[in-house]
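Taking it in order: structure first as structure tokens, then the write-up.
Being a predicted model, the structure only gives us computed values, none of them experimental. Naming convention: chains lettered A, B, ... in sequence-line order (proteins, then strands); numbering from 1 in each chain.
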Protein chains: 2
Amino acid sequence: MARRNEHSKAQLRTLAIAAVRAIVAEQGPDKLSVRKVAEHIGYTPGMLYHVFACLDDLILHANAVTLDGLLQRMQAATALSPAEALQTMAGQYLALAREEPHLWQLVFMHRMPQAAAVPAWYQQRTLQLFVLVEDQMARLSAQQDAAAVHLAARTLWSSVHGISVLAVENKLSIAGDVDETAMLQSLIHHYLASWARNSVNGDDA
Amino acid sequence: MARRNEHSKAQLRTLAIAAVRAIVAEQGPDKLSVRKVAEHIGYTPGMLYHVFACLDDLILHANAVTLDGLLQRMQAATALSPAEALQTMAGQYLALAREEPHLWQLVFMHRMPQAAAVPAWYQQRTLQLFVLVEDQMARLSAQQDAAAVHLAARTLWSSVHGISVLAVENKLSIAGDVDETAMLQSLIHHYLASWARNSVNGDDA
DNA sequence: CTCGCTATTGAACAATGTTCAGCTGAGAGG
DNA sequence: CCTCTCAGCTGAACATTGTTCAATAGCGAG
């Protein structure tokens, strides 16, 4: 049995991506394998290499779907006031981590082999995420230059990311339970409170 | 050749741990393998399983060494004023990430298989790290209750962690270079500025 | 109906972690 | 000095991983 032509190349890609997401969501990132994906869609492992460059390529495409969903959820908050928008966006970030921890892990804990470069079409999505935050920061404090907003947005969102990472890994509950939502609120509230007030030289000491 | 008795069990453990650290420091976490460790110390792979439960056990022990070094570096800052101490500690956290990125990755990006529990002797080290931060936060604001300090310390340090993670992965430079040191300073400065002032209910909205 | 082209197979490869029966040599007892 | 025992260590095996590619099977053009 060869040359079945049951699916177009694009359909095969979509099927494979869906299979990855299904397998990871159920069994976790480390239970993912090329053979499982192939079996899941009724093909052999070899086929996948005519449609994706390698497993990492396939994973990246699966992650793009997850990221697009996250971006859409975060975008919905842009109508609110800047501070509320940022709080809501952080909430969505954490919500995804809690609703779909395995898919979240696949996105944010997957490493490229030997630090190989992430393709541009993928980088563009992570960039969008930061831009979304940056826009709200800019709205919050009009008199700041672009560089300051750039720095503050990356500072704040890297922090949100850090809290979410440790939340997913349960590394925080080792000393009594902590409410990650409260942590995010505390972070954003306090950081913005001081930053928006005076940030001309909020750096050394 | 069997039964050589050249090294004691404890020596073998130390040798293996050193080998792991050498291999990872040079070649990165994903190039680590049981066979490489064994070859590095002149033994066969099987031997390692008489001295460690599995590869993850060995990795955890190698990570403990790295963590102890980090803790020592951070402890040296406790003599400073609280705000300066926290800034310096964060600096050490980032410094390690930059000096030994591979070892840092092995510590902070290694996942236990299927989210298996991290042993207590290891958890104790990550806890110490938080306690170090907590102590400084407590010094900073005496009138706060333990729960508030607990929350704020974990919030702040998870954020420091998040910035360091993205720094190691170079996920921040995708939109022009950002100075991670400046980010850490901004984070700590602004968060502490607002938190130390009034933190009775720095939560909702 | 036939033929060619290509999508798909399936078997092979190297490398991974892990297990364990068995060997071999160090050290106790003679 | 010899011997015997016991355990530290070996080495080969297993299952599983990603990846490659010659071979093939069947669709669609002629």
Using whole Å, report how far [atom1] of [X] lies from [atom2] of [N].
X       : N      : atom1 : atom2 : result
A:Arg13 : C:dA7  : CZ    : P     : 14 Å
A:Tyr49 : C:dA12 : OH    : P     : 18 Å
B:Asp57 : C:dT18 : CG    : P     : 10 Å
A:Asp30 : C:dT16 : CG    : P     : 19 Å
A:Phe52 : D:dT19 : CZ    : P     : 13 Å
A:Leu60 : D:dG18 : CG    : C1'   : 16 Å
A:Arg3  : D:dA25 : CZ    : P     : 15 Å
A:Leu58 : D:dG18 : CG    : C1'   : 12 Å

Measure from the side chain of [X], starting at C-beta and using heavy atoms only, and say which of [options] lies closest.
X       : options               : answer
B:Tyr43 : C:dT9, D:dT10, D:dC27 : D:dT10
A:Pro45 : D:dG8, D:dG18, D:dT19 : D:dT19
B:His50 : C:dT8, D:dT19, D:dT10 : D:dT10
A:Ser33 : C:dT9, C:dG17, D:dG18 : D:dG18

B:Gly46 or B:Lys31, whichever maps to the more 5' nucleotide of DNA chain C =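 Whichever sits nearer the 5' end wins; that is B:Lys31.
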
Between [X] and [Y], is there a side-chain N and carboxylate O pair less than 4.0 Å apart?
X        : Y        : result
B:Lys31  : B:Glu26  : no
B:Arg125 : B:Asp68  : yes
B:Arg98  : B:Glu180 : yes

B:Arg73 to B:Tyr93 six-membered ring, cation-pi geometry met (6.0 Å, 45°) |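 No cation-pi geometry.
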
Reckon [X] touches a base, only the sugar-phosphate, or nothing at all at heavy-atom distances under 4.0 Å?
X       : answer
B:Thr44 : base
B:Leu48 : nothing
A:Leu12 : sugar-phosphate

Would you tell me if any nitrogen or oxygen in the side chain of B:Arg4 comes within less than 4.0 Å of OP1 or OP2 on D:dT10?
->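 For D:dT10, OP1 or OP2 has a side-chain N or O of B:Arg4 closer than 4.0 Å.
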
Whether B:Phe108 and B:Trp104 hold their rings parallel, tilted or perpendicular, with breakpoints at 30° and 60° |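 Tilted, since the angle between the ring planes falls between 30° and 60°.
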
C:dG17 base to B:Arg35 side chain: any donor-acceptor pair below 3.5 Å?
->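 Yes.
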
